Q: 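Before anything else, here's the structure in question.
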Amino acid sequence: MEKTFSIIKPDGVRRNLIGQVLAKIEQAGLRITATKLVHMTKEQAEKFYEIHAKRPFYQELCEYMISGPVLVSVLEGPNAVAVYRDIMGATNPAQAEKGTIRAEFALSIGENTVHGSDSSENAKIEISHFFSEIEMVNSLTKISH
Ligand code: CMP
């Protein structure tokens, strides 16, 4: 079992897409083992995206991520990182494959509806920004479909 970290970004929450995005996650066989709405502070967003601090879009990205609430979630399943990246589609929605979350819902490379961890190691770090161990319901993954 692998864990990954997901954010439904402000454009997804604002356009009432939480249910449709979570449905795609569940249809892909991933379990939601923790989830909550968060309205990040500037400091939280800057810390979360610290890895991009030197990129030209860093400030714009952080401003956007605090423009409204987001839904942060922990997803669990076999190969959860790769499975979630597959169903998200490419960062730039113009390049995202048909049927992916970003192809269907994203507005632009910035307002691209979802974030997902790029590795299991980064998933652990990203999860720790928002969740403590006690908030994750690991036993859910043992329930069969
Ligand atoms: P995300 O997976 O959240 O990780 C970093 C984010 O930066 C990325 O998704 C994009 O939404 C955002 N971003 C904004 N501009 C760019 C850009 N020019 N290239 C790549 N990512 C960008």
Side-chain angles (χ1 to χ4, degrees), residues 1-138 140-141:
M1 264 328 143
E2 189 178 55
K3 282 188 175 73
T4 192
F5 176 71
S6 158
I7 304 181
I8 301 181
K9 296 186 179 186
D11 66 279
V13 174
R14 192 177 61 238
R15 291 180 291 146
N16 261 358
L17 295 173
I18 290 175
Q20 289 182 74
V21 173
L22 294 185
K24 282 186 177 288
I25 287 169
E26 292 189 326
Q27 279 155 15
L30 296 172
R31 291 275 180 191
I32 298 154
T33 56
T35 192
K36 62 187 170 191
L37 277 164
V38 173
H39 197 156
M40 278 188 256
T41 63
K42 187 84 187 292
E43 290 68 31
Q44 280 175 311
E46 285 175 352
K47 194 149 185 277
F48 182 79
Y49 277 119
E50 211 166 26
I51 194 169
H52 295 304
K54 296 212 157 65
R55 311 283 285 269
F57 55 83
Y58 178 63
Q59 274 313 319
E60 192 185 329
L61 170 63
C62 294
E63 286 296 339
Y64 164 60
M65 291 302 287
I66 66 167
S67 67
V70 299
L71 191 85
V72 291
S73 307
V74 179
L75 312 179
E76 225 173 280
N79 304 312
V81 169
V83 169
Y84 191 41
R85 288 187 79 77
D86 258 15
I87 65 165
M88 283 195 302
T91 305
N92 182 350
Q95 287 157 13
E97 242 176 85
K98 200 167 171 262
T100 60
I101 296 167
R102 284 167 172 159
E104 239 171 83
F105 302 123
L107 301 172
S108 64
I109 195 165
E111 293 191 299
N112 64 352
T113 315
V114 280
H115 164 83
S117 309
D118 62 4
S119 68
S120 199
E121 294 67 40
N122 280 339
K124 288 191 187 87
I125 296 167
E126 293 179 357
I127 289 167
S128 73
H129 282 256
F130 296 97
F131 294 102
S132 62
E133 201 58 44
I134 201 167
E135 291 176 284
M136 287 177 254
V137 189
N138 296 310
L140 253 186
T141 57

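Remember, it's a predicted structure, so these values are computed and weren't measured experimentally. Numbers here are sequence positions counted from 1. Just so you know, ligand 1 is whichever comes first in the structure, and atom 1 is the first atom listed for that ligand.
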Q: Taking only non-hydrogen atoms of Y49, do any sit less than 4.0 angstrom from ligand 1?
A: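 The answer is yes: ligand 1 sits under 4.0 Å from a heavy atom of Y49.
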Q: Heavy-atom contact check, 4.0 Å cutoff: does K9 meet ligand 1?
A: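 Yes.
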Q: Tell me which one of Y64, F48, F57 gets a heavy atom nearest to atom 17 (C) of ligand 1.
A: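 Ranked by closest heavy atom to atom 17 (C) of ligand 1, first place is F57.
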Q: Considering only protein heavy atoms, which is closest to atom 2 (O) of ligand 1, and at what distance to one decimal place?
A: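 For atom 2 (O) of ligand 1, the nearest protein heavy atom is H115 ND1, 3.1 Å.
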Q: Just heavy atoms, cut-off under 4.0 Å: does R102 contact ligand 1 by side chain, backbone, both, or neither?
A: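 Under 4.0 Å from ligand 1, R102 contributes side-chain atoms alone.
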Q: If you have a sec, work out which protein heavy atom is nearest atom 11 (O) of ligand 1 and how many Å separate them, to one decimal?
A: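 Checked against all protein heavy atoms, atom 11 (O) of ligand 1 sits closest to I109 O, 2.7 Å.
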Q: Indicate the atoms forming the closest heavy-atom contact of K9 with V114, along with that distance.
A: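 Taking K9 first and V114 second, the nearest heavy atoms are CE-O, 3.5 Å.
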Q: Would you kindly specify which portion of H52 sits under 4.0 Å from ligand 1, judged on non-hydrogen atoms: side chain, backbone, both or neither?
A: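 Within the 4.0 Å criterion, H52 contacts ligand 1 through side-chain atoms alone.
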Q: Grab the two heavy atoms, one from Y84 and one from H115, that are nearest each other, plus how far apart they are.
A: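 Where Y84 meets H115 most closely, the heavy atoms are CE2-O, 3.5 Å.
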Q: Hey, is CG on L37 packed in by over 12 heavy atoms from elsewhere, all under 6.0 Å?
A: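 More than 12 within 6.0 Å, yes.
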Q: Counting only heavy atoms from other residues, nucleotides and ligands, does the tally under 6.0 Å from CD of E97 exceed 12?
A: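 Open: at most 12 neighbouring heavy atoms sit under 6.0 Å from CD of E97.
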Q: Answer yes if the ring centres of F5 and F48 are under 6.0 angstrom apart, and no otherwise.
A: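 Yes; F48 has its ring centre under 6.0 Å from that of F5.
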Q: Pick, from T91, N92, D118, T113, the option with the minimum heavy-atom distance to atom 8 (C) of ligand 1.
A: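 It is T91 whose heavy atom sits nearest to atom 8 (C) of ligand 1.
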Q: Between T113 and A106, what is the shortest heavy-atom contact and its length?
A: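 Nearest heavy atoms, T113 then A106: OG1-CA, 3.2 Å.
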Q: Any idea which atoms of ligand 1 are less than 4.0 Å away from a heavy-atom of N112?
A: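 Near N112, the atoms of ligand 1 are 9 (O), 10 (C), 11 (O).
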Q: Looking at every heavy atom in both F130 and K36, which two are closest together, and how far apart are they?
A: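 Of all heavy-atom pairs spanning F130 and K36, the closest is O-NZ, 2.6 Å.
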